[in-house]
Every structure is written in C-alpha cells, then in structure tokens.
Amino acid sequence: MKAILRTESLGKYFGHMAAVHEVNLTLQEGLFTSVIGPNGAGKTTLINLLSGYMLPDRGKIYFREKEITRLGPDKRVKMGISRSFQVMNIFPRMTVFQNILLPVLSRLNKTSSAFSSQQSQKEAVGEAEKILGEVWLQEEKDSPGGELSHGDQRLLELGIAVATNPQLCFLDEPSSGMNPIERIKVLELVKKLASERKTTFIIVEHDMDIVFSLSDWIVVMNRGEVLAEGKPGDIRENQVVRDIYLGEEI
Amino acid sequence: MKTRLAILILVVLLALLPAYAGKYALYVAIHILLLSIFSLGFNLLFGYTGLLSFGQAGFYAVGAYGCAKILLTYPSLLVGIVGGVVIAGAVSLLLGFLCIRHTRIYFSMLTLSFGMMIFSLAWKWRDMTGGDDGLVGIPRAPLEIPGLFKINMAPMENYYYVVLAFAILAIYLFHRIVHSPMGLAMQGIRDSETRTACIGISVRKYRLLSFTIAGVYAGLAGALLPPLESTVTPPLAHWSHSAEPVLATLLGGVYSFSGPIVGSVLFYLLKDIIVRFTEYWQMCLGIIVVVLVIGFRGGVVSIFSRKGGRR
C-alpha cells in the first residue's frame with residue numbers, strides 16, 4: 001500500500017480558533033477512508049486545505065510525495081485531486097449533461113477551444129455520456145441541473161467530482177439531506193466507483209452505521225486535531241473516541 | 001431548421017433595407033446594429049460569465065477615438081476600424097488584469113472607475129482627444145485593399161453594408177464562442193466559481209478572456225461610429241453610456257443568445273419614439289425597463305420562448 005497524500009503539522013487558524021491544528025496524516029492509496037467527528041471538529045476545513053480550496057497557515061501537504069501546499073484547486077485537479085462540497089455546488093443553469101461535459105473537457109484540456117462546438121468534442125461527449133450512466137442520470141441529461149431533486153443533485157455532484165478522473169477524491173457529506181435508503185445507495189455507488197475507477201475516496205460522513213460498514217480506514221477529528229485513526233474495529237473499541245464522539249452504543 | 005430560415009429571411013430583409021428605407025431609417029438601423037454588437041459583448045461578461053461591468057463605454061470610446069485618430073491621419077476605413085478594435089482590445093486586456101481579480105460589486109465598481117478614468121482622459125487630454133470639443137471632421141474613408149478594390153463610402157447605403165457585414169460577422173463569432181467549450185467554461189464560472197476551479201479550470205484566465213472579448217466587441221461598436229457621425233466626443237465614455245447595453249440586455253433577456261440583439265432593437269426604437277413626445281424619455285424608458293424586469297425576468301425573448309418569462 002502506497003501513501004497517496006501526506007500532511008506535516010498542517011494548521012489553519014481563524015483568529016484564536018484553531019480550525020485545524022498540527023495534523024499529521026497519511027492517506028493510503030486504495031483505502032476507502034472516512035473522516036468523522038462532531039460538528040466543528042475541523043473535517044470540512046481539513047478537506048478545504050487538502051483540495052486547495054483554502055491555503056494553510058502552517059504545515060505542508062504532499063501528493064504522491066510532491067509538495068502541493070500552495071497550489072490552487074485548479075492545479076490540484078490537474079494532478080488528480082477532486083472533491084465535492086458539503087453545501088450543494090453544481091452548475092444550476094447548465095443542463096445535467098453539460099455539468100458532466102465541462103469537467104471532462106477540462107481534463108482533456110479542451111476548454112480553450114473557442115470556435116468548435118461542444119458536441120463536436122466526440123471523446124468528451126462519449127465520456128460524459130458514460131459517466132451520466134454511472135451516476136444514474138441518463139434520463140435527466142437535458143434538464144437544468146438546478147431543477148433536479150435534492151438526491152439527484154447529490155448524484156450529479158458526485159458525477160462532476162469523478163468526471164475529472166481523479167486519483168484521489170474528497171466527498172464532503174455526499175449523502176446529506178437524503179433519506180436512509182438513498183444514503184446507502186449513494187455510498188454503495190461511491191464504493192463501486194472506487195473499485196471500478198481505481199479512485200481513492202476520502203469521505204466526511206455523519207451516519208456511523210454507513211461509515212463503519214463501508215470504510216477501510218477511519219480518521220476521527222476533534223477540535224481541529226486528529227484524535228485517532230485506524231480500522232473500523234479499532235476505532236469502535238477506542239475508549240477516547242467513544243467518550244468524546246461515539247458514545248457507548250456503536 | 002425554422003430558426004435558420006428565420007435568420008436567413010432576416011438577413012435578406014436587412015440586406016434589402018436600403019432599397020425600401022430612407023436615409024434616416026438606415027441611420028437608425030446602423031445605430032441598432034452598433035448597440036447590438038456592444039450589448040452582445042457586454043452579455044458575454046454578464047449573462048455568460050456572471051460579471052456586471054459598468055465600464056464598457058470606456059472601451060467603446062477607445063475604439064471610437066482610436067479609429068478616429070487613424071482615419072484623420074490615414075484615411076482607410078478598414079485600417080481605421082481594425083486599428084480601433086485592436087487598441088480597444090489591448091486596453092481591455094490591460095485593465096482586465098486588474099479587474100478580474102475581483103467579483104460582484106467590487107468588480108462592478110472597478111470597471112465603473114476605469115471607465116470614468118477613460119472619460120476623464122477623453123475630456124482632459126486635449127492634444128490627443130480634442131478635449132470637450134472631441135475630434136471632428138473624421139472622413140468616411142473608402143473601403144479599400146490596395147490593388148484589389150476600392151469602394152466609395154460617401155453614400156450612407158454603402159457604409160450601412162459595411163456595418164451590417166461586421167455585425168453579422170460579430171454575431172456569428174459570438175454564437176461560435178458561446179456554444180464552444182470555452183463558452184461552457186465561462187458559463188461554469190457564472191454558475192459557480194468554486195465548482196469551476198475545483199474541476200481544474202483557471203477561473204481568472206477565462207474571466208480575462210471574457211473581459212477582453214467584451215472589450216473587443218465594445219471597441220468594434222465604437223470604431224464603427226466615427227465614420228458615421230464624423231465626430232467623437234467624451235460622453236461616449238461616460239458611465240451613462242455604459243448603461244445602454246445593460247438596459248438593452250435586460251430588456252431582451254440576459255440568459256438568451258438573441259436577448260441583447262432583441263433588446264437593442266427595442267431600446268433604440270423605444271428611445272427614438274418616446275423622445276419625440278417628451279423630454280422625460282429616460283423616465284419613461286426606466287418605467288418600461290422596471291416593468292419588464294419585474295414581470296419578465298428572462299426579458300422579452302423569454303415571453304416567446306417555450307418556458308415563459310417568470311423564471
């Protein structure tokens with residue numbers, strides 16, 4: 001197993017508040033990893049730092065042992081890092097198909113083309129169609145993204161995240177706002193995409209049943225720091241984690 | 001197919017306009033075409049990239065003054081127009097570097113400020129711009145390519161065809177751009193900057209491209225003006241002139257390709273009609289725009305589109 005991403009003493013501070021503090025983390029390639037913790041633990045800030053959406057105040061980030069600490073999100077995507085957002089972030093006025101086509105065009109470096117039509121980009125169009133099928137949105141392809149149901153918008157965002165063909169993909173609460181059945185379906189889809197696309201997924205999720213059933217590795221955060229990490233069984237048995245976050249019933 | 005036929009009929013009618021319309025109608029038609037080019041460029045920024053600029057008149061004026069200066073020293077229509085466009089494009093590229101680092105109200109205020117700086121330059125730099133008198137006596141030079149052809153532009157009809165040709169070319173290129181992968185990237189930025197950055201697209205690069213293309217369109221509209229009017233004056237760069245493509249686009253429809261063109265026709269005709277009856281034409285036009293914006297947020301075009309206006 002190889003390390004795909006590593007951090008050294010990573011920190012992000014808002015005034016006197018440490019949103020992320022002294023995080024030394026190594027994420028292994030191919031492991032389905034979940035980041036859990038109470039509200040305000042720093043999970044989303046950590047993902048923002050790792051995806052380049054925010055720059056850290058201290059520490060370093062390495063992707064495949066290449067330092068990426070100061071790189072912006074667009075450059076990190078080109079290296080193979082992708083993400084979804086906690087608050088829905090799609091292209092609401094564009095059609096579902098265009099929502100997927102744009103990241104595919106970006107990956108193929110075709111977005112600079114000013115005079116060819118979108119439909120003439122055969123390779124990108126074919127790939128976008130395939131991804132639409134993978135996230136079960138083929139029938140909605142001509143609808144504006146903003147007019148989809150909440151659950152379908154979540155699927156669309158997942159489709160956008162994988163359309164750049166990432167090696168590492170962060171999903172920030174990919175099933176939030178869904179009912180329990182939809183949640184299981186979406187997270188099983190993520191697991192399926194992980195194995196089919198050889199993508200390493202790191203998810204932030206609040207549903208502990210799902211986390212413990214799907215994850216290979218769990219990182220527990222509290223007050224901006226990594227409280228514990230390990231296999232689901234080890235985390236379940238960790239007394240500190242139980243005291244602070246999980247309680248006795250897990 | 002129906003759309004293509006409608007466009008063909010429209011182009012034929014416009015081409016035949018000099019045969020059945022008088023000089024004033026041609027003059028109005030030229031102004032509508034200029035406003036259409038101006039508004040299309042503005043809408044690439046606003047409707048397609050999500051950036052509201054209040055300084056486009058600055059680039060319009062740069063194109064107009066650039067063309068006028070060239071025509072006054074080297075009377076060739078093509079050189080004047082192309083020169084004006086190139087200068088406007090260069091200025092918009094330069095100012096774009098500074099403006100596109102900001103969004104929303106900060107971007108709008110920056111563009112307004114730079115537009116008014118250009119206005120001040122036009123007003124104060126007397127040696128170059130003629131100050132408040134402007135530049136006068138600009139010739140409507142012949143359209144020529146030495147050794148190939150030379151067409152006299154003195155008759156209004158001939159100049160109308162030149163403007164029509166540039167307008168058709170500008171509209172065609174605009175259609176290609178907004179339906180291209182680059183156009184899709186710009187629409188992505190409009191819908192969500194963060195999402196666009198997080199799929200590997202440099203938001204600043206495409207904002208700058210959009211800004212520069214919009215500046216080129218404004219410059220083209222401006223460069224086509226001096227041969228028509230024989231004069232250019234500082235109010236061309238004033239912020240109130242920047243409001244014209246904003247209003248025309250809101251009237252026609254922000255999120256449709258044809259909105260700015262339809263809006264330009266309506267804006268100019270409404271202005272032309274209302275001004276005959278009252279000196280308070282701006283107030284009347286304002287009321288009409290308010291009603292349309294509140295009642296039909298998609299603009300006039302949306303009334304005729306399948307999905308209706310209340311979206």
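Residue numbering restarts at 1 for every chain, and letters A, B, ... go by the order of the sequence lines.
Cation-pi contact between A/Arg93 and B/Tyr255: present, with separation from the ring centre below 6.0 Å and deviation from the ring axis of at most 45°.
Counting non-hydrogen atoms of neighbouring residues, nucleotides and ligands closer than 6.0 angstrom, the NZ atom of A/Lys12 exceeds 12 such neighbours. Within 6.0 Å of CZ in A/Phe14 there are more than 12 heavy atoms belonging to other residues, nucleotides or ligands. When the shell of 6.0 Å around CD of A/Glu123 is examined, it contains 12 or fewer heavy atoms from other residues, nucleotides or ligands. For NZ of A/Lys78, the number of neighbouring non-hydrogen atoms (other residues, nucleotides, ligands) closer than 6.0 Å is greater than 12. Counted within 6.0 Å of CZ on B/Phe97, heavy atoms from surrounding residues, nucleotides or ligands total 12 or fewer; the atom is thus considered open. Residue A/Tyr53 qualifies as open at atom OH: its count of foreign heavy atoms under 6.0 Å is 12 or below. Heavy atoms from other residues, nucleotides or ligands lying under 6.0 Å from CD of A/Glu139 number 12 at most.
Interface remark: of the candidates B/Arg190, B/Met186, B/His175, B/Lys205, B/Arg190 forms the most heavy-atom pairs closer than 4.5 Å to chain A. With chain A as partner, the option from B/Val178, B/Val203, B/Ile177 having the largest number of non-hydrogen pairs under 4.5 angstrom is B/Ile177. Between chain B and the residues A/Gly72, A/Ser112, A/Ala161, the most heavy-atom pairs under 4.5 angstrom are made by A/Ser112.
With a 4.5 angstrom heavy-atom cutoff, A/Ile90 touches chain B only via backbone atoms. The contact between A/Leu102 and chain B is made by backbone and side chain atoms together, counting heavy-atom distances below 4.5 Å. Contacts between A/Ser51 and chain B at a heavy-atom distance below 4.5 Å are absent for every atom of the residue.
Side-chain contact between B/Arg195 and A/Phe85: present, with at least one pair of heavy atoms (C-beta onward) separated by less than 4.5 Å.
In terms of modelled atom types and a separation under 3.5 Å, the side chain of B/Tyr206 and the main chain of A/Thr111 share a donor-acceptor contact. Checked by atom type and distance alone, the side chain of A/Ser106 pairs as donor or acceptor with a backbone atom of B/Ile199 at under 3.5 Å.
Between A/Ser113 and B/Pro181 the shortest heavy-atom distance is O-CD, 3.5 Å. Taking both residues in full, the closest heavy atoms of B/Cys198 and A/Arg83 are given as SG-CD, 4.0 Å, listed atom of the first, atom of the second, then distance.
Atoms OG and CE, from B/Ser192 and A/Met88 in turn, are 12.0 Å apart once rounded to the nearest 0.5 Å.
Tested against A/Phe91, the residues B/Asp191, B/Ile189, B/Leu184 include a single side-chain contact (heavy atoms from CB on, under 4.5 Å) partner, B/Asp191.
The closest side-chain donor-acceptor pair between B/Ser202 and A/Lys75, if any, does not fall under 3.5 angstrom.
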